[in-house]
There are 2 protein chains.
Amino acid sequence: MALEHAILVSLSERAASGLDLTRRFDKSIGYFWTASHQQIYRTLSRMEKDGWVRSEVVAQQGRPDKKVYDVTAAGREELGRWLAAPTPAQPLRSELMVKFRAASYGDREQVLDLARAKLAEHRDLLALYEGIEQRDFPKPDGLAGRELDMYLVLRGGVRMEQFWIDWLTEYLDAHTRAHTKDER
Amino acid sequence: MALEHAILVSLSERAASGLDLTRRFDKSIGYFWTASHQQIYRTLSRMEKDGWVRSEVVAQQGRPDKKVYDVTAAGREELGRWLAAPTPAQPLRSELMVKFRAASYGDREQVLDLARAKLAEHRDLLALYEGIEQRDFPKPDGLAGRELDMYLVLRGGVRMEQFWIDWLTEYLDAHTRAHTKDER
DNA sequence: ACACCTCTTGCAACTCGTTGCATAGGTCCC
DNA sequence: GGGACCTATGCAACGAGTTGCAAGAGGTGT
């Protein structure tokens, strides 16, 4: 399981409540690991029971109290252990690829429309990531340590979106060419 | 859910038993959608109950009987419906990216070793896919229809592996450079 | 006073996927 | 005949993740 470790990473950067974490998983960390708020609350409870984090109730003005979580020494130890452990291969799982392979059993034109929609989605995501890259890392050459790590993960996101765009373009081009040939 | 649809696609290509399907999910289809045999048997039962497939017990010589499944008209209809339906965005989920981002909270050298191991894995996969590409599609230019679909999905696999290789190489290079600088 | 909004935490039920095991028929070999 | 192994199907239990809903606390509007 990696959600508890993703939470440990996020809490290592800064202590947070369940809702704070939920918001972080909606942006930065969420770009490469997603989680719903229910999942986060449930996991936080288990982690506290296991002694990886401890919580403190903090009163707020004009808002309900919140429970702020913090990583314990045991949590830091677990994080280090997990970091060094081999990562199991995550098999590729793409609904889109299943559909592309199945296109001849349905309406091909609609599948091409799906491809065009996905292409637009991935172009938007690429623009988002490149915007963050230019805003937060205008000069990547001098980076080191934690900042370099964050930059390189973002680069992974950029490259991933570029992959989708390139492949979907190849897909659409090839089918456009095949279709044109049929018409002649 | 896409497993039932992946099964419909595979059964559309050719009728099969649960174990046949398990073997297909270990190779061709499995390159972009995986499933264990228990999952397949369970899903086949449900699909038969829903009327998407029908089964026939076939006696074999020297082996236990097998139940061969076949797509019904309702199954073909469902497949067509699913093909045209929009595909929800699948958020990226990469344990490796979480680890890379967290490297400063553990032993960085071990994380670099993980990256090198992943790089080797993806090089192997790329070689596998490129081997299939050259064996099955030596002349991709004339392809159309179902063969073109299969070729293009394979191209997606090749490009995906190439993405991992390129990014991991960038990651290792950047950290090698940062480390060298520290030493000076 | 009352309805209604947001913030924060959480429960319950469900689906999806994995792991471990069971069963039953059959071959091959010693 | 006994044991190892393969084919084929399946159950049970668990863990991970999603969806829907609830409840309390505090604010705002009329």
[options]: which one has an atom nearest the side-chain heavy atoms of [X]?
X       : options                : answer
B:Tyr41 : D:dT9, C:dT9, D:dT18   : D:dT9
B:Arg93 : C:dG10, D:dT18, D:dG10 : D:dT18
A:Leu19 : C:dG17, D:dC21, C:dC7  : C:dC7
B:His37 : D:dG10, C:dG10, D:dA8  : D:dG10

| message | For a quick check of understanding: with a heavy-atom distance under 4.0 Å over all strands, which category does A:Ser17 fall into, base, sugar-phosphate or nothing? | response |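 The answer is sugar-phosphate, as A:Ser17 gets under 4.0 Å only of primed atoms, P, OP1 or OP2.
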| request: Give a yes or no on whether B:Glu77 atom CD has more than 12 heavy-atom contacts from other residues, nucleotides or ligands under 6.0 Å away. | output: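 Counting other residues, nucleotides and ligands, CD of B:Glu77 stays at 12 neighbours or fewer.
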Could you state the atom-to-atom distance from [atom1] of [X] to [atom2] of [N] in whole Å?
X       : N      : atom1 : atom2 : result
B:Arg23 : D:dC6  : CZ    : P     : 12 Å
A:Trp33 : D:dT18 : CH2   : P     : 11 Å
B:Glu56 : D:dT9  : CD    : P     : 13 Å
B:Ile40 : C:dT19 : CD1   : P     : 14 Å
B:Leu21 : D:dT7  : CG    : C1'   : 15 Å
A:Gln90 : C:dG17 : CD    : C1'   : 14 Å
B:Arg46 : D:dT9  : CZ    : P     : 18 Å
B:Gln39 : D:dG15 : CD    : C1'   : 14 Å

| Quiz item: A:Arg42 side-chain donor-acceptor pair to D:dT18 base, under 3.5 Å | yes
| task | Hey, which sits more toward the 5' end of DNA chain C by its nearest nucleotide, B:Ala35 or A:Val68? | result | A:Val68
| field | side chain to side chain contact (heavy atoms under 4.5 Å, CB included) between B:Asp70 and B:Ser55, worked out | value | CA-CA 6 Å; B:Asp70 201 0; B:Ser55 68; over 6 Å; no
| request: Name the residue closer to the 5' end of DNA chain D, choosing between A:Leu3 and B:Lys67 according to the nucleotide with the nearest heavy atom. | output: B:Lys67
| task | Would you tell me whether A:Gln162 and A:His122 have side-chain atoms, one donor and one acceptor, within less than 3.5 Å of each other? | result |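 Distance-only check fails for A:Gln162 and A:His122.
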| query | Any luck finding a side-chain donor-acceptor pair between A:Arg76 and A:Ser12 under 3.5 Å? | reply | no
| Side-chain N or O of B:Gln38 less than 4.0 angstrom from OP1 or OP2 on C:dT19? | no
| query | Under 4.0 Å: is that the gap between some side-chain N or O of B:Lys66 and OP1 or OP2 of C:dG25? | reply |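 For C:dG25, neither OP1 nor OP2 has a side-chain N or O of B:Lys66 closer than 4.0 Å.
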| said: Could you go through A:Phe163 and B:Trp167, starting from their C-alpha distance and side-chain angles, then the distance that decides it, and tell me whether this counts as ring-ring contact (aromatic ring centres under 6.0 Å, His included)? | reply: CA-CA 11 Å; A:Phe163 147 75; B:Trp167 177 56; over 10 Å; no
